[in-house]
Amino acid sequence: MRFETILAQDIQYNPFEMIGKQWLLVSAGDKERCNTMTASWGGVGVIWNKNVVTVYIRPQRYTHELMEASDYFCVSVLPESMRQVLAYCGKASGRDEDKLAVSHLTPRFEKTISGFEEADLNIYCRKLYAADLTPEGFTDPMLDTRNYPQKDYHTMYIGEIIKVEKKLQD
Ligand SMILES: Cc1cc2nc3c(=O)[nH]c(=O)nc-3n(C[C@H](O)[C@H](O)[C@H](O)COP(=O)(O)O)c2cc1C
């Protein structure tokens with residue numbers, strides 16, 4: 001597959017569609033231990049004068065363990081034809097199986113982190129900030145009750161966008 005490198009500000013996707021509807025793969029780890037999971041919560045934006053991606057990962061995910069150990073992570077947008085891969089990566093755990101092998105995803109490394117040859121867009125990020133959401137933080141307590149019956153509060157990871165690859169159409 002051929003990709004072009006584009007600037008973060010030239011990403012053409014509507015973030016609400018890209019994250020909430022199309023869904024993302026969030027990848028963490030390194031060449032020895034690489035894993036990916038589906039995510040539909042997150043954001044793209046600006047903080048500390050940097051273009052950033054924010055993702056929210058619950059502590060029980062294998063990806064969480066790898067995010068904690070990694071300096072980088074990657075978010076990828078897959079074509080609509082690969083929705084079954086997103087469904088699988090949002091259900092199976094990398095603790096139990098090699099999700100990349102099962103879903104025939106081909107890693108594409110930038111520094112220590114992988115995007116995918118099959119993706120339409122790979123956004124490689126350098127981890128800048130990690131913090132757990134807390135019950136005290138909610139100004140609307142209903143959100144806590146509804147989303148965290150098991151008190152498994154997401155960790156928020158903010159990553160600086162260091163490279164964006166867009167697939168070239170043949
Ligand atoms: C559509 C969809 C969106 C999801 N979004 C998130 C999310 O934003 N954060 C999260 O922690 N888990 C999310 N999940 C759940 C994880 O993808 C799922 O638990 C996955 O199996 C974790 O894999 P891992 O153990 O290999 O990290 C989502 C699942 C689906 C199907």
Side-chain angles (χ1 to χ4, degrees), residues 11 13-45 47 52-109 112-135 137-138 140 142-161:
I11 295 174
Y13 288 75
N14 173 324
F16 303 104
E17 285 288 325
M18 177 176 96
I19 301 168
K21 300 269 167 46
Q22 279 185 265
W23 308 337
L24 303 172
L25 283 180
V26 180
S27 308
D30 54 24
K31 285 184 182 160
E32 282 72 47
R33 241 177 18 141
C34 180
N35 186 55
T36 195
M37 62 160 251
T38 304
S40 60
W41 290 1
V44 289
I47 188 170
V52 298
V53 169
T54 304
V55 291
Y56 302 90
I57 313 285
R58 291 195 197 253
Q60 61 268 45
R61 315 292 186 229
Y62 181 50
T63 304
H64 188 279
E65 183 181 324
L66 297 176
M67 288 289 277
E68 289 295 304
S70 312
D71 293 328
Y72 299 94
F73 66 90
C74 183
V75 299
S76 302
V77 179
L78 296 185
E80 184 58 33
S81 58
M82 293 183 74
R83 184 141 297 252
Q84 80 285 0
V85 169
L86 289 161
Y88 164 72
C89 290
K91 200 170 55 194
S93 177
R95 274 201 195 90
D96 309 320
E97 49 203 277
D98 182 343
K99 289 162 76 174
L100 272 55
V102 172
S103 38
H104 304 290
L105 286 168
T106 317
R108 183 178 168 84
F109 279 93
T112 57
I113 185 60
S114 174
F116 299 110
E117 294 285 350
E118 294 77 11
D120 285 338
L121 194 71
N122 290 308
I123 307 177
Y124 300 90
C125 302
R126 181 172 72 91
K127 213 170 64 174
L128 297 179
Y129 191 87
D132 295 341
L133 303 188
T134 62
F138 285 96
D140 180 349
M142 271 306 289
L143 291 174
D144 185 4
T145 314
R146 270 200 212 128
N147 292 286
Y148 301 102
Q150 296 170 48
K151 304 294 172 205
D152 53 345
Y153 295 96
H154 288 89
T155 303
M156 173 183 72
Y157 296 96
I158 302 176
E160 176 182 12
I161 298 175

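Atoms within a ligand are numbered from 1 in the order they appear, just like the ligands themselves. Sequence positions, counted from 1, serve as the residue numbers for this chain.
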For W23, atoms of ligand 1 separated by under 4.0 Å from a heavy atom: 1 (C)

Should the pair Y157 and H64 be assigned to parallel (<30°), tilted (30 to 60°) or perpendicular (>60°) ring geometry? perpendicular

Among all the protein's non-hydrogen atoms, which is closest to atom 18 (C) of ligand 1, and how far away is it? G90 O, 3.3 Å

Any side-chain heavy-atom pair of V44 and I11 under 4.5 Å: no

Atom 20 (C) of ligand 1 has as its nearest protein heavy atom C89 O, 3.5 Å

Ranked by distance from atom 23 (O) of ligand 1, the top protein heavy atom is K99 NZ, 3.0 Å

Return the residue, atom name and 0.1 Å-rounded distance of the protein heavy atom closest to atom 22 (C) of ligand 1. R61 CD, 3.6 Å

Would you call the rings of W41 and H154 parallel, tilted or perpendicular, taking 30° and 60° as the class edges? tilted

Can you tell me how far the OG atom of S27 sits from the CG atom of N122, to the nearest 0.5 Å? 8.0 Å

Can you name the atoms of ligand 1, numbered from 1 with element, that are less than 4.0 Å from a heavy atom of K91? 21 (O)

Contacting atoms of ligand 1, where contact means under 4.0 angstrom from a heavy atom of S40: 3 (C), 4 (C), 5 (N), 8 (O)

Residue from E97, R83, K99 passing side-chain hydrogen bond (donor to acceptor under 3.5 Å, both in side chains) with Y88: E97

Return a yes/no value for G94: is any of its N or O atoms, backbone included, closer than 3.5 angstrom to an N or O of ligand 1? yes

Does ligand 1 have an atom under 4.0 Å from some heavy atom of R95? no

Pick out which of D144, T134, D132 makes a side-chain hydrogen bond (donor to acceptor under 3.5 Å, both in side chains) with Y153. D144

Under 3.5 Å between some N or O of ligand 1 and some N or O of A92? yes

Does any N/O atom on Y56 come nearer than 3.5 Å to any N/O atom on ligand 1? yes

Heavy-atom donor-acceptor pair, T63 side chain to T36 backbone, under 3.5 Å: no

Mind checking whether N35 contacts ligand 1 via backbone (N, CA, C, O), side chain (CB onward), both or neither, at a 4.0 Å heavy-atom cut-off? side chain

For atom 27 (O) of ligand 1, the closest protein heavy atom turns out to be T63 OG1, 2.6 Å

What's the shortest distance from atom 25 (O) of ligand 1 to any protein heavy atom, and which residue and atom give it? S93 OG, 2.7 Å

Give the atom numbers and elements of ligand 1 that come within less than 4.0 Å of a heavy atom of R58. 11 (O)

Which atoms from ligand 1 have a heavy atom of Y62 less than 4.0 Å away? 24 (P), 25 (O), 26 (O), 27 (O)

With heavy-atom distances below 4.5 Å as the criterion, would you say the side chains of L78 and L25 are in contact? yes

For atom CZ of F138, is the number of surrounding heavy atoms from other residues, nucleotides or ligands below 6.0 Å larger than 12? yes

Under a 4.0 angstrom heavy-atom cut-off, which atoms of ligand 1 come close to I57? 11 (O)

Could you check whether any side-chain heavy atom of C34 comes within less than 4.5 Å of a side-chain heavy atom of L100, counting everything from C-beta outward? yes

Protein contact to atom 17 (O) of ligand 1 [nearest heavy atom, distance to 0.1 Å]: T38 O, 2.8 Å

Would you name the heavy atoms of R95 and E65 that are closest together and state the gap between them? NH2-OE1, 3.7 Å

